[in-house]
Each structure stands twice: as C-alpha cells, then as structure tokens.
Number of protein chains: 2
Amino acid sequence: MHTQALDLRQRLKAAGLRPTRQRLHIATLLFAKGDRHLTAETLYAEAKNTRYPPSLATIYNALRDFAACGLVREIALYGSRTWYDTKTGPHFHYYVEECDDLFDIPEEHIPKLNVPIPQGMRVAGVDVIIRLEKTSEEPLPLAAE
Amino acid sequence: MHTQALDLRQRLKAAGLRPTRQRLHIATLLFAKGDRHLTAETLYAEAKNTRYPPSLATIYNALRDFAACGLVREIALYGSRTWYDTKTGPHFHYYVEECDDLFDIPEEHIPKLNVPIPQGMRVAGVDVIIRLEKTSEEPLPLAAE
DNA sequence: CTGTGTGCAAACTCTTTGCATAAGT
DNA sequence: ACTTATGCAAAGAGTTTGCACACAG
C-alpha cells in the first residue's frame, strides 16, 4: 500500500491540493480499480463500506477539486448527475440510458474530429456520447429467474 | 399566423400530443425563430412577455414531452440544466463555458463517426460537444467601454 | 361527458455552502 | 500558529409531482 499511497500524496501535492486524510482515501478508492466512470453517490456508497468513510459533501468537494486539477475528468451527459472519469486522456463514451451505464469506446475506434475552431478560441475538451438502446431483450443466458 | 398555427397543431397531433392552448403557445415560441438552443428557464423568460404565459411547470412538462416525441432534441452537456435543441437532425455543438453559450458546428464540418455498435444495441443518438475557451480577451471592436 | 393537461405550491434530487471543529504544513 | 479541509445540516438550483380545476375530443 505504501508506494501507492506515497504516489497519491505526490499527485495531490503536484496538483496543488493538500493531501488530507480524506482526499487520500477518496483518491485511493478512485484509482485503485483502474479506469472507471462514477458519480459522487457511487463513490459515497463504496466509501461507506470502509472504516472511516468521508462525508458525502467531502466527496462532492473532492471530486470537484480533482476535476479542476485534471486528476479526473467531468463527462458531459444527459440528466442531472455529474459523472466523472478517472481516465483523463482523449476517449469517448457509449451511454445506455436504460441501465444508466456508461462505458468507453475502444481506443482504436476513437474518431478523429476535424472541425474548424472559431477565431480567438481554443479547444478545452471534446465529448462524444453515443447513446445506445437495446434492440431486444437479452436472450437470457440462464432459463429461469 | 394561421397556416403556421395549423401546422403546429398537426405536428403535435402527429406526435401524439393533444394540441392544447399552452402547448401550441410554447411550440410557437420554440419554432418561430428558426433553430435554437434553449433551457426551460430561457423559454419561460420569453413566455413571460406574452399575453398568457404558461406556468414554468407547464414549460418543463411540454419540453420533456416534446423531446420524448422527437419534436425537439435534448442535448448532452455539463452542468445541471437541461438544454433543448429545435434542430433535430444530426449535428454537433460548440460550447463556451465562460458565456454559457452553445452553438452549432457548421453542417459541412460534421464529422462522420464510424464506431462499432455493440451486439443487440442500436444508436439512439449521438452527441458531440467541442468545449471552447477564449484564448485572449476580445480585441474590442470599439475602443472605449 | 371523459380523460388528459394545466397551474400552483410543495416535494424531490443533486450539489454547494456556512459555521464550528479538525487537521495539514 | 496559521490556513485550509471536513462534517453536518441547512440552503440552493433545477426539475418533477399531487391535486383541484380547465379544457380538448
């Protein structure tokens, strides 16, 4: 745990955020499982299972601060909840409304967008959401249930 | 006004929505000015200047219903407000956070996205947002102010 | 007439904030 | 010590809903 904890401490410092107990805890939850998409509530639910769960407000604040520093990335999406992505590089998403599921478009299929940029502006980010719908009910793998 | 009013009545009917006084009023505001991007509050502000403004709740409900019927299109965006677009065909957007401004990417520059669609799914919609930032303050056209 | 839509206000969801306390440097 | 973050609860924005009344078919 130690090298990772140190690493997170460094990352927070480098981003200009004081590496507090709670922020380290939150960062650990965030980054321990590889790339993920989550909302504040999702993360709070996870944190609740740990020994010293941070408050919900602290999770909201931490995610906002992390996003402002580029440690995570906010995702443009329909609806009222804010989604965050621990993968910050350029990549796009599928979104399945029915299951409120968000997942990456595979790296090799990231389209190259080639649009003109208006005078005096620069691109701060690009979001692509492909909204999906199930065409039919799943062919239930197991009969019953 | 009459042919247009009749047209709207037909469009609502065709969409399966009862063409009530308020919905017709709202549809008129929506579609009278060509393609636009707006939120419920924007539209409510406009409606307030008219003789019989619908209530805010009715505007929210109408926009939600219109979107469900494909008369307008919901836009995926950061933040908590829902934006609607009266242009329903495929096209993408620039978004300038600083001025909360949303505008179309010109038709001829709409990129063709060519990504694989997972088994048993179909594309319900595609949203592309190019988030822009000003690189510098505007070179004020007129000296003073 | 019958059922759906409207208006209002209250409820709800998601997120931020104020203030006293705790913790980082 | 000094400053910034935390926790809680309360406020805030945006949106939806319950209920009585109005209106379209």
Side-chain angles (χ1 to χ4, degrees), chain A residues 5-6 8-29 37-45 47-48 50-69 71-72 74-84 100 102, chain B residues 5-6 8-29 37-45 47-48 50-69 71-72 74-84 100 102:
Chain A
L6 281 174
L8 287 176
R9 186 175 290 274
Q10 291 316 122
R11 284 180 73 181
L12 289 180
K13 273 188 170 161
L17 294 173
R18 275 213 321 220
T20 62
R21 200 176 300 259
Q22 291 86 342
R23 295 217 266 228
L24 283 167
H25 185 178
I26 292 168
T28 305
L29 288 174
H37 307 106
L38 39 74
T39 65
E41 284 289 352
T42 311
L43 192 53
Y44 184 52
K48 282 247 242 345
T50 64
R51 195 193 286 277
Y52 302 108
S55 75
L56 180 57
T58 296
I59 299 213
Y60 271 105
N61 293 337
L63 284 174
R64 185 179 11 70
D65 297 343
F66 288 5
C69 296
L71 294 176
V72 298
E74 191 176 337
I75 302 172
L77 199 51
Y78 310 91
S80 49
R81 278 164 320 155
T82 304
W83 284 81
Y84 294 96
D100 200 33
L102 188 66
Chain B
L6 280 174
L8 287 176
R9 186 174 289 272
Q10 290 316 121
R11 283 180 75 181
L12 290 181
K13 273 188 170 163
L17 294 174
R18 274 217 315 224
T20 62
R21 199 176 302 255
Q22 290 85 342
R23 296 217 265 229
L24 282 168
H25 186 178
I26 291 169
T28 305
L29 287 175
H37 307 107
L38 38 75
T39 65
E41 284 289 351
T42 310
L43 193 53
Y44 184 53
K48 283 247 245 339
T50 65
R51 195 192 288 276
Y52 303 107
S55 74
L56 180 56
T58 296
I59 299 213
Y60 272 104
N61 292 338
L63 284 174
R64 184 177 15 69
D65 297 343
F66 288 5
C69 296
L71 294 176
V72 297
E74 191 176 339
I75 302 171
L77 200 51
Y78 309 92
S80 49
R81 279 165 318 155
T82 304
W83 284 82
Y84 294 95
D100 199 34
L102 188 66

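Predicted model, so just to flag it, every value in this text is computed and none were measured. Here is the naming used below: chain letters follow the sequence lines, and residue numbers restart at 1 for every chain.
With rounding to whole Å, A/Ile26 atom CD1 is found 13 Å from D/dA5 atom P. One interatomic measurement links the two molecules: CH2 of B/Trp83 to C1' of D/dG14, which rounds to 14 Å at whole-angstrom precision. In this structure, B/Arg64 atom CZ and D/dT16 atom C1' are separated by 7 Å, rounded to whole Å. In this structure, A/Leu56 places its CG atom 11 Å from P of D/dG7, rounding to the nearest Å. If you take CG of A/Leu38 and C1' of C/dC14, they are 16 Å apart, rounded to a whole angstrom. Atom-to-atom, CZ of A/Phe66 to P of D/dA5 comes out at 11 Å; the value is rounded to the nearest Å.
Closest to the side chain of A/Pro54, from the set C/dG24, D/dG7, C/dT25, is D/dG7. Taking every side-chain heavy atom of B/Asn61 into account, D/dT17 is the closest of C/dC14, D/dT6, D/dT17. Picking from D/dT16, D/dA5, C/dG7 the nucleotide with the shortest atom distance to the side chain of B/Ser55 gives C/dG7. The side chain of B/Ala57 lies closest to D/dT17, out of C/dA23, C/dT4, D/dT17. If you check D/dT15, D/dG7, C/dA23 against the side chain of A/Thr58, the one that comes closest is D/dG7.
Side-chain N or O atoms of B/His25 include one that pairs as donor or acceptor with a backbone N or O of B/Tyr52 at under 3.5 Å. Distance alone, capped at 3.5 Å, places no donor-acceptor pair between the A/Thr42 side chain and the A/Leu38 backbone. The main-chain N or O of B/Arg18 is found under 3.5 Å from a side-chain atom of B/Arg23 such that the two form a donor-acceptor pair.
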